[in-house]
Amino acid sequence: MAEQRKPLGYFIGHVNDSEHRYKASSGGIGTMLQKHLLSTGQYSTSITFQFNAKRCMYEAKLIHTAEEVNICGSIYQDINIAQFVRDHIKEISNGIVVSCPPCQVTAIRNMLNKEGIPCFIISFCCSGQTTIEGTWKYYELLGIKKEDVVNMQYRGNGWPSGIQIWLKDGTKIYHDNYTNPWKAIHTSWLYRPKRCFFCIFDTSYTADISLADPWLENYKRYDNEGNTLFVINTTLGQKTIKQLKTSDIISYEEISSDIYRTAQENNLLKKIYVHNQKKRLKRISRFTNNSFIRHLFSNNIFMMRLFHKLRFKL
C-alpha cells in the first residue's frame, strides 16, 4: 500500500568530483549521499560491500566513517541486507544509512523504527538479482577458477562499464555491461532468487531516495562518465539532496515523470507482467529450482539461451 506514495520529484545528476563520478556505477549520487551523511555526523553507521577473495563473493560490512565506504559500483549478487541489519542491530550507533534493493526497504525501515533507530534508506531500480552461484558460473564459462580471482566488480569505472575481474597472476579481464556470458546467465533465470520471479517493484517509493540508470538515448550515446537518475520520495531525502547541491558537491536537473518512465520502462511493466503471468512464473520457478534442470541448461551459453526460449512455452 505504502509503495503508491507519490514522489516529490524526478531528477538526473552526478557528483562534481570527476574521480568519484568515474568510479561509481552511474553518476555517484548514491555513494555521495552515504559519504555525506557519515561525514557530517547526521548518522554514525552505514553498510559498505567488500569483495572477499577467499569466499569469492561480496560481503556486507558495518562501517562508521566516510573513509570506509568502498566505491565498487553496482553489485549484481543477491545479498540479504535486511538479515545483515538484523544480525548487527546492536552495533548501530546514532542512526544508519542503508542502501538496499526495493524489496527489502519496508522490512528494514520497520525493523529500525521498532528499535527507535533513525535511518536514511537509499534504494534503486532492480531488474532482478542473481545468486552468487550465477557469478561463479560466469567464471566457469570464461574458463576462470574461483580460487584465482582476487577482486571483481560488476560495474563502475566509467558508464555503463561492465564486469571487471582481477586474477592472482595480474591479469585483468573485462566484458562490457550486459554482454555474454553474463547476459545469458541473467536472462535464463536459472540463477534467479525465487522472490525475484514475483517482484512487482520498479523501485521503492518508501526509500528516502531511489536511484536508477538513465537508460535514455542521449545518455547511452554520449555519456561515458555516468549520471544518476534519482527519485526523491521523502522530505528528508529532499533536504539532504539540497544540502549536497548547496555545497556544490553534486549537480542535477529536474525531469518529468515521463522521462523516468521511458528510462525504466521494463521495470515499470513488471507489476502488470507478474499479475498476468503468475501461474506460468510459478512453473518456471519450480523448473529453475530443480538441480537437474539447472545443471542440464547451465553447461554453456547455447543451453542457457535455449532455456530462455523454452521458458516462454512453459
Side-chain angles (χ1 to χ4, degrees), residues 2 5 7-9 11 13-17 20-21 23-50 58-75 79-124 126 156 203-212 228 230-250 252:
R5 175 190 295 171
L8 299 181
F11 305 85
H14 56 264
V15 300
N16 293 332
D17 181 273
H20 184 127
R21 181 181 178 185
K23 287 183 177 180
S25 178
S26 52
I29 296 290
T31 309
M32 187 54 72
L33 280 165
Q34 182 186 22
K35 292 172 75 72
H36 171 75
L37 291 168
L38 285 171
S39 63
T40 57
Q42 296 175 65
Y43 298 84
S44 297
T45 311
S46 189
I47 299 171
T48 198
F49 301 91
Q50 294 184 326
Y58 271 93
E59 295 179 331
K61 177 186 177 183
L62 215 62
I63 60 172
H64 301 283
T65 66
E67 291 71 29
E68 295 176 276
V69 175
N70 182 34
I71 307 176
C72 56
S74 299
I75 298 176
I79 300 175
N80 192 337
I81 301 168
Q83 185 61 53
F84 179 83
V85 172
R86 185 176 292 110
D87 292 342
H88 295 82
I89 202 159
K90 299 300 181 184
E91 302 168 48
I92 298 172
S93 62
N94 190 35
I96 185 170
V97 182
V98 180
S99 179
C100 65
C103 61
Q104 299 187 37
V105 172
T106 299
I108 291 173
R109 193 180 290 283
N110 288 344
M111 185 194 320
L112 294 169
N113 285 345
K114 185 177 179 180
E115 296 293 328
I117 299 173
C119 62
F120 189 101
I121 300 183
I122 305 164
S123 191
F124 45 82
C126 179
T203 190
S204 172
Y205 297 101
T206 58
D208 295 291
I209 302 286
S210 301
L211 313 175
T228 308
F230 61 97
V231 184
I232 297 177
N233 301 304
T234 67
T235 53
L236 176 60
Q238 187 178 59
K239 176 183 176 182
T240 306
I241 285 292
K242 286 182 177 179
Q243 288 175 350
L244 288 170
K245 187 172 186 179
T246 300
S247 301
D248 198 32
I249 296 173
I250 65 173
Y252 61 84

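In this text the structure is predicted, and so the values were computed from the model without any measurement.
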Does any non-hydrogen side-chain atom of [Y] lie less than 4.5 Å from one of [X]?
X    : Y    : result
I108 : C119 : no
S25  : T228 : no
F124 : S74  : no
K90  : E115 : yes
I47  : V85  : yes
I241 : F11  : no
V98  : F84  : no

Taking all heavy atoms of [X] and all of [Y], pick out the closest pair and write down the distance.
X    : Y    : result
S26  : A212 : OG-O, 4.3 Å
N70  : T48  : N-OG1, 2.9 Å
A207 : S210 : CB-OG, 4.1 Å
M32  : I250 : CG-CG2, 4.3 Å
P102 : S204 : CB-N, 3.5 Å
Q238 : I232 : N-CG2, 3.4 Å

* **Q104 side chain to I79 backbone, donor-acceptor under 3.5 Å** =>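 Flag set: sc Q104 to bb I79 pair under 3.5 Å.
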* Check the pair L38 / I63 against side-chain contact (heavy atoms from CB on, under 4.5 Å), numbers first and verdict last. => CA-CA 9 Å; L38 285 171; I63 60 172; 4.1 Å; yes
* **R109/D208 salt bridge by N-O under 4.0 Å criterion** =>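 Salt bridge flag = yes for R109 with D208.
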Going from [atom1] on [X] to [atom2] on [Y], what distance comes out if it is rounded to the nearest 0.5 angstrom?
X    : Y    : atom1 : atom2 : result
F120 : S99  : CZ    : OG    : 10.5 Å
Q243 : Q42  : CD    : CD    : 5.0 Å
L33  : Y43  : CG    : OH    : 11.0 Å
H64  : I92  : NE2   : CD1   : 9.0 Å
D87  : L62  : CG    : CG    : 11.0 Å
T240 : I209 : OG1   : CD1   : 7.0 Å

* Take atom NZ in K35; do more than 12 heavy atoms of anything else shown fall under 6.0 Å from it? ->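 Buried by this count: over 12 neighbours within 6.0 Å.
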* **Derivation and outcome, side-chain contact (heavy atoms from CB on, under 4.5 Å), residues Q83 and R86** => CA-CA 5 Å; Q83 185 61 53; R86 185 176 292 110; 3.2 Å; yes
